[in-house]
Amino acid sequence: MSHELPKAYDPSAIEEKWAKYWVEERLFDVPTPVAGAPEGIPFVQLLPPPNVTGRLHMGHMLNQTEMDVLTRWHRMRGHTALWVPGTDHAGIATQMMVERQLASEGGPTRQELGREAFTKRVWQWKQQYGGAITEQMRRLGASVDWSREYFTMDERLSRAVKEAFVRLYEQGLIYRGAYIVNWDPQIQTAVSDLEVVHEERAGKLYHIRYELADGSGSLVIATTRPETMLGDVAVAVNPGDKRYKSFIGKTLVLPLVGREIPVVADEWANPEFGTGAVKVTPAHDPNDFAIGLRHNLPQLSIMDERAQIKLPGSPYDALDRFAARERIVEDLRALGVLIDIKDHNHAIALSQRTGVVIEPRLSMQWFLAVNKTPSRGGDSIAAKAIAAVRDGHIQFTPDMYAKTYFEWMNNIHDWCISRQLWWGHRIPAWHCGACGKITVSRETPGACSGCGITDIKQETDVLDTWFSSGLLPFTAFGWEGNELTPDLAAFYPTQLLVTGFDILFFWVARMIMLGCHFMLDVPMPDGSTRTLADAVPFRDVYIHALVRDADRQKMSKTKGNVIDPIQIITQYGTDAVRFTLASQASPGTDIAFNDARTEGYRAFANKIWNAARFLNMQLERGTEAGYTVIHASPLAGAEPASAYETLATAAGLETRWIFARLNSVCNEVDSALQNYRFDEAASAVYRFFWGEFCDWYLELVKLRLDFTPPKDEQTAATLNALVTVFETALRLLSPFMPFLTEELWHALHAQLGVAAPAKSIALTRYPQAADFPADAESADAMTVLQELIVTVRGLRKEIGVPEKEATPVQVHGTTQVTGLISANADMLAKLARVSEVTVATEALRGNSARSTTSFDVAMVYERKIDVAAERERLQKDLAKYDKLLQAAERQLGNEAFIAKAPAHIVDGLKKQAAEMRALRDKAQGGLDELPPE
RNA sequence: GGGCGGUUAGCUCAGUUGGUUAGAGCGCCUGCCUUACAAGCAGGAUGUCGGGGGUUCGAGUCCCUCACUGCCCACCA
C-alpha cells in the first residue's frame, strides 16, 4: 500500500477538500444545550457580521484568522467552542448597491419603483449575491457553527429588534422630535455623528454688511456659508462685546431678502472670531439651532432634502446649495455689502458613505436618549456602559482602548436612530392623521391608540443598521424579551469579541450599551437577578490592528493598493496567509502585509510537508523491517507522562530533549494565546518545528534508525517517538494551519494503517506541557552538544576544511562535559563531520581552537593560516570580552551595587566576569601565538 | 482645539514587573544538489534602542522635555 505524498506541498490540492469536509460534516456546530450550561466556561464569540454587500478583504482575513486560531485552540483544549457567524443587512450600503445596479441596467429608479417593489428587489439581490462573503469565509476554514448563521433582517431578528425598540420607547428612552441632524443630500437620509467624517479644507470667510432698519448704522457679520443667509432669523453678538452693545435689541434688514431680523445677545458669539457678529440660521446649523431655542426665534428652512434652495418666488429657488452660494456672493458684491473675503481653512463635514458635504438639516427624527434615566428608574444607558468597563466587567486588549472608549462614552450625545431609507428594520410606530398620536407597538395596531380611528400609517423611516447589530450578542441567542432562552443561559455573555478599532464606537460601544441595558432584565440561569457583571455582552474585547500594504499605506481602492486575500491565498495557500497574519498580529501595531513574508510561511508549510514525507519513508522502511508503530492521537486525555518517559529512555538523549522542548513550547503557546499574543504563539511553533524538530531532531533520528536486522529496541523506540513528536507537532500547529495539518494527520494515520481516532485533528486534544517531562538535564546536555556542533561547523568553515572531509577534534572541559561529548561522538560525526573526539587535559588555545563558557574545542587539521584574518578575529574577540569584563568589574567594584542588587544578579555577574576573563585570556593567548606581522 | 499611540538591524516587527553579552523573520554575503525539503542545508555580517536631561547600584524598559510620525474625537460661525 502506498501513501506517498507528492514531493512538493500544493495547498490548492488539499484546502478546498477540507474546507468542504468541515462544513459538510458539521464538525463545528454546537447544539443548544438541553438543560443548563455546558460544562466549564464555554468559549463563545460572535463574528463581526460582514455586510452582505461585502467582499472579503485583508481585515476580515486577519479578524477571522485570530478568531479561528482561538476557537480551534479552545476547542482542542476541551472547551465548548462556539463561533457564531452572520451577515449584516447594511442599510445604506446595500440600498446604494441595488440603486446602482438598477441604474446600470437602465431600469427604473428607486423612486419610480416604489418602496415595496424596491425592497423586494433588494431581497432578490441579497438571495443572489449576499452569500458571497460567507462563501469566502468557508474557504478560509473558519470553524464557525454554520447551523447558527443569521442575517440581521431574518424574521426572528426583526421581531427582536421591534421588541427592543418598543421597550426603549416604553421606558421613555426613545423620543421623536425636530432637531438638526447630519443630512446626506445624496441618499437623502439622516446619518449619525459617527457617520460623518471631517476633512480640513481651504474655504472662505465672507464678511457681509447688514444695515440697521432705522438707518442708524450697520454691522458686519462673518460666515463661511453665505447661502444660508436666506434663512437668517437674527444676528448674535456677545453680551460683553463693547463694539456691539448698542446694537442689541435693534433690528437689521437682511440684504437681498429684505426681511427684518433682531440683534440678540448670546454668549456663543465669539468676539475673537470673524467680526464678532454671527448670523443665526436655526434650521441649518446646530449652534444656531441652540441660539434659536434660547431666544425663541423661528426656524426657517430654506432647503429641501436634496440641499437645493426651496423658496418659491425667490430668484434662488431650486438652485443647488453651492450654485446658490456663488449667486448670492455675486449679488451681495453687486449690492456693495460684501465687505471682505478671507481665506479660511476649516474642517468640513462629509458623509462617510457618499463623500458629499453633510447638510445640517432640521428634520423630524427618532433618537435614543443615552444619558437619560429610564422611566422605571435606574442608570442611564451610557452610565451602565461606562460602569461595565470601569468596574472591570469588560476588559480591553490593548487596554489603551478603554481610554478611547471612556473618552467617547463620557461625551456621548443622543443617538439619531432613524434613517430615511427603504432597506432596513422599519420603525414600529404608526401615525394618526386625525389626532396626531403616535402608536408604538410590537404588532401592527388596528387602530390609533389615541382616537381609535383605523386609518393610521406606519412610520416610513427605518432604523440605523447599528441599532440591530448592537443587539446581536443576545438576539443571536434567541432574545425576544425577558425570558432566559436555553442559548442565552448557555452562551451569554460571550467570552470574547475580536474586532477592529474602526467600529469601536459604531458597534462595540453600542453592544455594550444595549447589552447592559436589556440583559439586566433577564434572569441568570439559577434564577437570580443578573448584575452588570453578567449583563455585559462579552468579557473581553480584543482590538486588532489595521492591515496595510507592504509600504505601510492604508489600502484603498483609489490608491489601487488593495491586496485581495483570495488572490494571495491562491498564490500561497490559506495556511501560509493565516500564518503570516498570526505571526504579525502583535496587539496595537498595524500589520504591513508583505507577501515576501507569506512566501516564507509557504516555505514553512512545505517544510512541514517534507518532514511528513521523511516520516513516511522511515515508517515504510520500518514496516518492511518488521517494526510496528501503534499511535493514537489523544482525544480527551493524554498519555501518562510515564509512557513518554519510558519511550524517551529507550530512544536516547535527542528524544528526551525533544520531549523537554515540547514541554516548554506547549507552555509558550498556551500562555501566548491566553494573552492574545498570536505573534508569540506563531513564532514559538515555528521555531520549534523548524529550528528544533527539523534541524536537530530529524537529523539525529537518522542516527538511531537502523533498519538492518536484527530488530533493536532503540530503533523501535525512536520510530515510535518520531511519530509521537510529529503527531503532537501537527496538533500544536493545527489552529494556525488547519488545512495542512488536517491533511497530514489523516495521511499519517493511513500510513500507520489505523483509523484516525477522530473525524478531524481539530477534534483532538491540544498538546499540554504537563504531558511531557520537563527534563532540564537532557535539555542542558543537548544545549552543550548543539553549541559544540555549531562551533565545530564554524571552525571547519574558517579553517577551510573541505565539506566532505571528516576531521578529528580535541575537547577540554569538566569531566561531565567531556564525558557527555565522548558519549555522543556519533552526533558530532553526523552533524559536524568529526571523525574522532579526544579529551585534552589542558586548556586548548591557538589558531584552530575555540572556547565557550562550557568547553574548549580544537580542530586537528593542517592548514594555511590567513594570519591577517585570524588576527582580526582574535582582536575583535579580545576587544569584546575585554569590554564586557571591564563593565562587569566596574559594576562589581561598586559597593552600592553589591549592597543593593539582589544576590542572584550579583552572583551571575561574578560568574560572567570570570568567564569573560577566561575567554579574554584565551583570545590573548591566541594572538600571542600568531607570527608577528 | 482635545485625546491616544509610535520612533529598536537594510525592511517588517518582538523585547514580559528596570537586572547578567538587545532578538526573530525577510533581505544581504560565503560555501554546499549532504536525497524529507534548493520553497533546502551550513556558516557569516549588521544596532551610539529618535535627540537631550533626570531617577536608580543598574534604563531599550520609569519620569521630564524636544523632534518627527500616525490615529481617533470635536457644533467655533
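Reckoned from all heavy atoms, side chains included, excluding hydrogens, waters and symmetry mates. A note on names: the letters A, B, ... follow the listed sequences, proteins ahead of strands, and every chain is numbered from 1.
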Per-residue pairing states of RNA chain B in dot-bracket (Watson-Crick or G-U under 3.5 Å; . unpaired, | other strand) read (((((((..((((.....[...)))).(((((.......))))).....(((((..]....))))))))))))....
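For an aromatic pair to be called close, the ring centres must be under 6.0 Å apart, and A:F579 with A:Y601 satisfies this. In summary, the aromatic rings of A:Y405 and A:F505 are positioned with their centroids too far apart to meet the 6.0 Å limit. Between A:F367 and A:Y179, the distance from one ring center to the other falls under 6.0 angstrom.
Side-chain atoms of A:F501 lie closest to B:C72 of the nucleotides B:C75, B:C72, B:A77. Comparing B:G40, B:A42, B:A74 by their nearest atom to the side chain of A:K797 picks out B:A42.
Between A:R613 and A:N610, the side chains place a donor N or O and an acceptor N or O closer than 3.5 Å (distance only, hydrogens not considered). No donor-acceptor contact under 3.5 angstrom links the side chains of A:N270 and A:N238, judged on distance only. With 3.5 Å as the limit, one finds a donor-acceptor pair spanning the side chains of A:H295 and A:D266.
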Could you go through nucleotides 2-11 of chain B and list every protein N or O atom that sits under 3.5 Å from one of its N or O atoms, giving the distance for each pair?
| residue | atom | partner | partner atom | Å |
| --- | --- | --- | --- | --- |
| B:G5 | OP1 | A:K403 | NZ | 2.8 |

Below 3.5 Å is the cut-off: list the nitrogen or oxygen pairs between protein and nucleotides 20-23 of chain B, distance only.
| residue | atom | partner | partner atom | Å |
| --- | --- | --- | --- | --- |
| B:U20 | O3' | A:Q912 | OE1 | 3.0 |
| B:U20 | O2' | A:Q912 | OE1 | 2.6 |
| B:U20 | O2 | A:G908 | O | 2.7 |
| B:U20 | O2 | A:L909 | N | 3.4 |

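Sequence neighbours left out, the pairs with a member in residues 683-703 of chain A that pass salt bridge (charged side-chain N to carboxylate O under 4.0 Å, His left out) are A:R661-A:E692, A:E668-A:R687, A:E699-A:K702, A:E699-A:K830.
In this structure, A:R793 reaches the B:G43 phosphate: one of its side-chain N or O atoms is under 4.0 Å from OP1 or OP2. Within the structure, a side-chain polar atom (N or O) of A:W690 is placed less than 4.0 Å from OP1 or OP2 of B:C41. At least one side-chain nitrogen or oxygen of A:K702 sits closer than 4.0 Å to the OP1 or OP2 atom of B:A36.
Partners of A:R510 under the side-chain hydrogen bond (donor to acceptor under 3.5 Å, both in side chains) rule, at least two apart in sequence or in another chain, do not exist in this structure. Annotation: side-chain hydrogen bond (donor to acceptor under 3.5 Å, both in side chains) contacts of A:T228 (sequence neighbours excluded): A:K279.
Heavy atoms of A:V906 sit nowhere under 4.0 angstrom from any nucleic acid atom. Residue-level contact check: A:F505 touches the backbone only, with heavy atoms under 4.0 Å from sugar-phosphate atoms and none from bases.
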